[in-house]
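Below is one structure, written out as structure tokens, with a few remarks after it.
Each chain gets a letter, A, B and so on, in the order its sequence line appears, and its residues count up from 1.
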Amino acid sequence: DAGVTQSPTHLIKTRGQHVTLRCSPISGHKSVSWYQQVLGQGPQFIFQYYEKEERGRGNFPDRFSARQFPNYSSELNVNALLLGDSALYLCASSSWGGNTEAFFGQGTRLTVV
Amino acid sequence: QQQVKQSPQSLIVQKGGISIINCAYENTAFDYFPWYQQFPGKGPALLIAIRPDVSEKKEGRFTISFNKSAKQFSLHIMDSQPGDSATYFCAAGSGAGSYQLTFGKGTKLSVIP
């Protein structure tokens, strides 16, 4: 069984640029959430999507946006990158209804220089 | 505002010993409390989780103890092994349909032979 897949695994961007990160959830899971994990800290919730609709948003600026596609995959977009956006970006997939467990991908390591 | 406080920040345990990590939360809306294990370069992996209607849950060498009135929960790792050396995160979840997780800052566990 394929787990949560994220691409790319590593990325280096320059301040001010834009980045798009991608996530494919576990087959059968319809909810995708995005988390930011800064080095040495716990993951911090950014967005939750279900059926292409945003169902939750964490305390992140409007430079962060996301969307979910009909096949339940998702993209996280970050505009006007800052040095402080350097982090591991994690995607988690789960089913919807019954509040089941969230399973994380390996993440995308973003470095902003 | 940190909603989930985790301690200690780091922990060194002898092989065969018991590792204990503690967490405290503030938001009474949380109704799901998972623990994740993370190895360097990997995404968090779900270890064990508990809901507030039980005070203890055991899976193999891992046990969660939950104190609803004190708003505290802890992870006990019995017979700790060098392979358990990793960073452990407690989390608390709330939400309808699928959980949005708030993580602690993590505990780096080192199990020495």
*Flag if over 12 foreign heavy atoms under 6.0 Å of NZ, B/Lys108*: no
*Over all heavy atoms of both residues, which pair between B/Pro44 and A/Leu90 is shortest? Give the atoms and the distance, please.*
CD-CD1, 3.7 Å
*Taking it one step at a time, do B/Phe89 and A/Gln41 satisfy side-chain contact (heavy atoms from CB on, under 4.5 Å)?*
CA-CA 9 Å; B/Phe89 293 95; A/Gln41 300 291 316; over 6 Å; no
*Does any non-hydrogen side-chain atom of B/Leu101 lie less than 4.5 Å from one of A/Tyr35?*
yes
*Identify which part of A/Gln37 has an atom lying under 4.5 Å from any heavy atom of chain B, answering side chain, backbone, both or neither.*
side chain
_A/Asn71 atom CG, neighbour heavy-atom count above 12 within 6.0 Å_ = yes
*Transitive ILVMFWY side-chain link B/Ile48 to B/Ile20, under 4.5 Å*: no
*Would A/Val78 end up clustered with A/Leu21 when hydrophobic side chains under 4.5 Å apart are linked, directly or stepwise?*
yes
*asked:* Between A/Gln48 and chain B, with a heavy-atom cut-off of 4.5 Å, which part of the residue counts as in contact: side chain, backbone, both or neither?
replied: side chain
*Mind checking whether B/Phe103 and A/Phe45 have ring centres under 6.0 Å apart?*
no
*Report whether A/Leu83 and A/Phe64 are members of the same hydrophobic cluster (ILVMFWY, side-chain heavy atoms less than 4.5 Å apart, transitive linking).*
yes
*Are B/Phe66 and B/Leu47 joined in one hydrophobic group, where the rule is that I, L, V, M, F, W and Y side chains link up if heavy atoms are under 4.5 Å apart?*
yes
*Test item: A/Ser94 and B/Tyr99 side chains (from C-beta on) under 4.5 Å apart, heavy atoms*: no
*asked:* For B/Pro34, which atoms come within 4.5 Å of any heavy atom of chain A: side chain, backbone, both, or neither?
replied: neither
*ILVMFWY network linking A/Phe104 to B/Leu46, side-chain heavy atoms under 4.5 angstrom*: yes
*Toward chain A, the part of B/Gln38 with a non-hydrogen atom under 4.5 Å*: side chain
*Tell me, for A/Arg109 versus chain B, whether the close heavy atoms (under 4.5 Å) come from the side chain, the backbone, both or neither.*
neither
